[in-house]
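In what follows, a structure is listed as structure tokens, so that the remarks can point back to it.
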Amino acid sequence: MSAPGTLAGWMIVARPCRLTLGIVKDDAYRLWRPCLLLFILALAACSSSEHVPQQSKIAASASRTAAMVLDAWAAGAAPSHYVSATLQSTAETLAEAGQQMQADNSPQSSESRGVIAAIGQLSAAVRRAQAGVEAGNPRQVSQARQELGTAATDLAAFYGGYVAPKS
């Protein structure tokens, strides 16, 4: 009886460059297995330390996008449907950034937890702003814009603490 994914001593593998299936003899696969394991471990070691800077930059960019479209909407320079769609996309980006950070299984520093909290605050503020734009409520949008600014400042402070040299 063959193991799952094998056919009588042969293993089926995907070739990512060609998007085709090929067949590799088990012996060749056994030679590459240690290299593959080392490669996966190296990726895992690098990825957790890069989540905070990468996701922080994504969140900061998304918050600036939201602030720009809200300012344009408040000035009457951008239509509500455009602003609402942009805010929805921005909120989704922020939610995804927060989920990426929370999915990291490494122990989190207080700065890292602060970044996660700030991203959550940014996402909530953008959702409130979107609701205000859709309702045509300038007061709600203004309040959400202020919350967005406060959360962006918090994000910058926590991220600064994360990247600052530790002594």
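Because the structure is a prediction, the values reported are computed rather than measured.
Looking only at side-chain heavy atoms (C-beta outward), F158 and R113 stay at 4.5 Å or farther from each other. Counting heavy atoms from C-beta on, the side chains of I116 and Q102 come closer than 4.5 Å. No side-chain heavy atom of D154 sits less than 4.5 Å from a side-chain heavy atom of L122.
Between the side chain of S89 and the main chain of A85, no donor-acceptor pair closer than 3.5 Å is present. T153 contributes a side-chain N or O that, together with a main-chain N or O of G149, makes up a donor-acceptor pair within less than 3.5 Å.
In this structure, A144 and A125 approach most closely via the heavy-atom pair CB-O, 3.5 Å. Between V141 and A129, the closest heavy-atom pair is CG2-O, 3.8 Å. In terms of heavy-atom proximity, I58 sits nearest to A97 at CG2-CB, 4.4 Å. When all heavy atoms are compared, the tightest approach of A62 to T93 is CB-CG2, 4.4 Å. Of all heavy-atom pairs spanning S123 and A91, the tightest one is OG-O, 3.7 Å. When every heavy atom of A152 is checked against every heavy atom of S63, the shortest pair comes out as CB-OG, 4.0 Å.
For the atom pair R128 CZ and R145 CZ, the distance stands at 14.0 Å (nearest 0.5 Å). Atom CG of L155 and atom OG1 of T150 lie 12.5 Å apart (nearest 0.5 Å). Note that the CG atom of L148 and the CD atom of Q143 stand 12.5 Å from one another [nearest 0.5 Å]. Atom-to-atom distance recorded for R127:CZ and T90:OG1 is 9.5 Å, nearest 0.5 angstrom. Between the OG atom in S142 and the CD atom in E147 there is a gap of 10.0 Å [rounded to 0.5 Å].
Of the options T86, V83, L87, a side-chain contact (heavy atoms from CB on, under 4.5 Å) to W73 is made by V83 and by none of the others.
Counting heavy atoms of neighbouring residues, nucleotides and ligands inside a 6.0 Å radius, atom CD of E96 does not exceed 12 of them.
The hydrophobic cluster containing Y82 also contains V126, counting ILVMFWY residues as joined when their side-chain heavy atoms lie under 4.5 angstrom apart, directly or transitively.
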